[in-house]
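First the structure, in the form of structure tokens, and then the observations on it.
Computed over heavy atoms, backbone and side chain alike; hydrogens, waters and symmetry mates excluded.
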Amino acid sequence: MEIDGDVEETRRVQVRFTTKLQFPFKTPPTSIAIPSNLTRMGLSAVVNNLLEAGNPDWKPEPFDFLIDGELVRMSLEQFLIAKGISAEKILEIEYIKAVVPRKEEEPSLHDDWVSAVDGSNPGFILTGCYDGLGRLWKAAGSCTHILEGHSDAITSVKFIDPKGLESVNSSVVATASKDRTLRLWKVDAGNRHDHDLKISAYKILRGHNASVQSIAAQPSGNMVCSGSWDCTINLWRTDEFDVEGDLVSVKKRKVNNEAEESQSEGEAVSNIVGHTQCVSSVVWPQHETIYSASWDHSVRRWDVETGKDSWNLFCGKVLNCLDVGGESSALIAAGGSDTVLRIWDPRKPGTLMPVFQFSSHTSWISACKWHSKSWFHLLSASYDGKIMLWDLRTAWPLAIIDSHKDKYYVLTGGKVILWSVVGQTHSSVFLPKSLCSKRNNLRRPSMVLLGTSIALVLAKGPYSTRKPNPLKESMFFFLAMEGGGV
């Protein structure tokens, strides 16, 4: 190395960039010498310059980089030293499209705390609220339907798609509530209205003895399952008829004081028992398999036919959330009463140790969700007010959405803040004093991955004497994510 005065010249390494991306994303296969102090941003600039040299119309794209299958999250030289990789030979660096956050859309206002979101329907976003109402949104800020009927807060919502649904414009929605019931709703998305259309459930499902915390739909849409504070998982049919084709019970209710509408009540067709504490989360990824997480520290895999658990593990922590995805949709992610997001692979025999652990949060983890189009990416939300985007190929989060900068475990004055990952900008709203009493401790922040998007759901906190903003309603925000990084 040459020294010029007190400044040491940066060492250079020979690299060859490779990619699985197709034209026009391929660079020349020749090796080049680059400074060893380059980070991801510098490497991305080099690749963009190479692509632009072969294509004058090229527009810069952000890239991520892998060496031996691991994402580079430090300078090139630091990475080589940390991994014990020699810089004396030509280094192959694979580049992939980076996952890039876009700006948030307009807020969608509610009258109380937003507790649940589902964006799996391409045409709508479904939300549940502590005012006991469900809402369908055609676009940000544009509510088309209000689901009216629960007598307490809604805790979970889900789009389902039963076989035989007569219209492509029709959707079936399931909601769960603290009132101990589930309700099924039919929504005609083809009808346009100048105002919010209030609709009633076509079926009420009764059988739990405590608040229903989570619901999941069978892939066929013919059944749903629910986890409850009564420690059980119930299975329910989504059609209007019982097994023999008869309504369990029928109630007639007037609609707008004119027409009468039938509303059936259904009973659980199966009851799964095994957990000893609240069943906090359920997922139903395969026809005959249900996964559940519980406050009894366990994750269980259930056989739908027999009602028996075919696999279980105890992690020593209360669990708040669960999702199944990743490679071959076989990895189990869960989070709970510590700062660690754990991932297990039940295909590995003889061990119940997590295959991945991520520990950048500073408080309990409240929600997690796998990316629907990538084996590598998942999200986590925490009581620390942060949502983190993870990639299995690095121990550091790819992006952090930070709701506030102070040390509070609650949001001061019921203030909801949304941060842009790129620009670190935010928008905020103060909630009314009536909703921000001292008894309103922080409820788990929630979020859902909508294909390649993130929806953020509010948490709540104690009232502050700070002067409130004139806007005094709850809202949820919607962030879109570009790229897949697959």
Side-chain angles (χ1 to χ4, degrees), residues 40 64-74 78-79 82-84 96 99 214 275 277 280-283 285 291-301 311-372 374-402 409 421 444-449 454 485-486:
R40 183 185 71 85
D64 265 317
F65 299 87
L66 298 103
I67 298 176
D68 292 341
E70 186 170 344
L71 281 171
V72 177
R73 279 295 177 268
M74 56 188 74
Q78 289 173 328
F79 186 90
K83 301 301 176 181
I96 59 177
V99 178
S214 179
H275 286 295
Q277 294 290 331
S280 54
S281 185
V282 290
V283 293
Y291 292 83
S292 62
S294 170
W295 280 32
D296 64 11
H297 303 180
S298 72
V299 175
R300 298 173 186 256
R301 181 176 64 196
W311 179 86
N312 63 74
L313 66 87
F314 291 84
C315 69
K317 300 293 181 181
V318 165
L319 294 173
N320 296 322
C321 58
L322 171 79
D323 198 29
V324 177
E327 182 182 358
S328 302
S329 297
L331 302 183
I332 300 170
S337 61
D338 64 1
T339 63
V340 182
L341 177 66
R342 295 174 174 87
I343 299 172
W344 294 272
D345 188 346
R347 299 169 300 178
K348 292 183 178 293
T351 178
L352 296 180
M353 293 296 293
V355 292
F356 298 98
Q357 297 187 81
F358 300 108
S359 55
S360 291
H361 283 295
T362 57
S363 189
W364 291 18
I365 293 174
S366 55
C368 61
K369 189 70 177 177
W370 284 98
H371 197 298
S372 63
S374 171
W375 286 4
F376 303 107
H377 297 101
L378 71 161
L379 291 163
S380 63
S382 168
Y383 290 146
D384 63 14
K386 297 180 177 68
I387 289 179
M388 296 187 182
L389 173 63
W390 301 96
D391 189 305
L392 299 185
R393 295 164 294 189
T394 182
W396 293 274
L398 294 184
I400 299 175
I401 300 170
D402 193 352
Y409 286 155
V421 177
R444 63 179 189 176
S446 181
M447 55 84 204
V448 63
L449 192 62
I454 307 173
V486 295

(message) So which atom in Leu392 and which in Phe356 form the shortest heavy-atom distance, rounded to 0.1 Å?
(response) O-CE2, 3.5 Å
(message) Measuring from atom CG of Asp384 to atom OG1 of Thr362, what distance do you get when rounded to the nearest 0.5 angstrom?
(response) 4.0 Å
(message) Determine whether Arg393 and Ile96 satisfy the following criterion, side chain to side chain contact (heavy atoms under 4.5 Å, CB included), listing intermediate values before the conclusion.
(response) CA-CA 12 Å; Arg393 295 164 294 189; Ile96 59 177; 3.5 Å; yes
(message) Is any side-chain heavy atom of Gln357 closer than 4.5 Å to one of Leu341?
(response) no
(request) State the CG-OG distance between Asn320 and Ser294, to the nearest 0.5 angstrom. (result) 10.5 Å
(request) Tell me, please, which residues at least two apart from Arg40 pass salt bridge (charged side-chain N to carboxylate O under 4.0 Å, His left out). (result) Asp64
(message) Between Val299 and Phe314, is there a side-chain heavy-atom distance shorter than 4.5 Å?
(response) no
(request) Could you pull out the closest heavy-atom pair between Phe358 and Thr394, with the gap in Å? (result) CE2-O, 3.3 Å
(request) Would you please name every residue forming a salt bridge (charged side-chain N to carboxylate O under 4.0 Å, His left out) with Asp296, sequence neighbours left out? (result) none
(request) Would you indicate whether Met74, at its atom CE, is surrounded by more than 12 heavy atoms from other residues, nucleotides or ligands within a distance under 6.0 Å? (result) yes
(request) Scan for side-chain hydrogen bond (donor to acceptor under 3.5 Å, both in side chains) pairs involving residues 322-331, sequence neighbours excluded, and state none if there are none. (result) none
(message) Can you give me the closest heavy-atom contact between Tyr291 and Arg301, atom names plus distance?
(response) OH-CD, 3.3 Å
(request) Return the orientation label for the Trp364 and Tyr383 ring planes: parallel under 30°, perpendicular over 60°, tilted otherwise. (result) tilted
(message) Nearest 0.5 angstrom please: Lys386 NZ to Ile401 CD1, how far?
(response) 12.0 Å
(message) Is it the case that over 12 heavy atoms from other parts of the model lie below 6.0 angstrom from the CH2 atom of Trp295?
(response) no
(message) Could you work out, with salt bridge (charged side-chain N to carboxylate O under 4.0 Å, His left out) as the rule, every residue matching Asp68, not counting sequence neighbours?
(response) none
(request) Please list, chain by chain and in numerical order, all residues satisfying side chain to side chain donor-acceptor pair (under 3.5 Å) with Gln78, sequence neighbours excluded. (result) Ser75
(message) Are Ser380 and Trp390 packed together at the side-chain level, in the sense that at least one heavy-atom pair is separated by less than 4.5 angstrom?
(response) yes
(request) First locate atom OG of Ser360, then atom CD1 of Ile400, and finally report the distance between them rounded to the nearest 0.5 Å. (result) 6.5 Å
(request) To the nearest 0.5 Å, tell me how far Gln277 CD sits from Ser298 OG. (result) 10.0 Å
(message) Would you compute the distance between atom CD of Glu70 and atom CZ of Phe65 and round it to the nearest 0.5 angstrom?
(response) 15.5 Å
(request) Any chance you could lay out the side chain to side chain contact (heavy atoms under 4.5 Å, CB included) test for His377 and Lys369, step after step, and finish with the verdict? (result) CA-CA 9 Å; His377 297 101; Lys369 189 70 177 177; over 6 Å; no
(message) When you compare the side chain of Leu331 with that of Arg347, does any pair of heavy atoms fall below 4.5 Å?
(response) yes
(request) Would you mind reporting whether Leu352 and Asn312 have side-chain heavy atoms less than 4.5 Å apart? (result) no
(message) With a 3.5 Å distance limit and no angle check, can you tell me whether Ser280 reaches the backbone of Leu319 through a side-chain donor-acceptor pair?
(response) yes
(message) Is any side-chain heavy atom of Ile365 closer than 4.5 Å to one of Cys321?
(response) yes
(request) Keeping the roles fixed (side chain from Ser382, backbone from Ser363), state whether a donor-acceptor pair exists under 3.5 Å. (result) yes
(request) Taking all heavy atoms of Leu71 and all of Phe79, pick out the closest pair and write down the distance. (result) O-CE1, 3.8 Å
(request) Given side chain to side chain contact (heavy atoms under 4.5 Å, CB included), test Val355 with Lys348 step by step and report yes or no. (result) CA-CA 9 Å; Val355 292; Lys348 292 183 178 293; 3.7 Å; yes
(request) Can you see which heavy atom on Ile387 is nearest to which on Ala381, and at what distance? (result) CG1-CB, 3.8 Å
(request) Heavy atoms only: give me the nearest Trp344-Cys315 pair and the separation to one decimal. (result) CZ2-CB, 3.9 Å
(message) Contact between Ile332 and Leu313 at the side-chain level, heavy atoms closer than 4.5 Å - yes or no?
(response) no
(message) When you measure from the side chain of Ser374 to the backbone of Phe376, do you find a donor-acceptor pair of N or O atoms at a distance under 3.5 Å?
(response) yes
(request) Report the residues that fulfil ring pair (Phe, Tyr, Trp, His ring centres under 6.0 Å) with His275, sequence neighbours left out, ordered by chain and then residue number. (result) Trp302
(message) I'd like to check Val340 versus Ser359 (side-chain heavy atoms, cut-off strictly below 4.5 Å). Are they in contact?
(response) yes
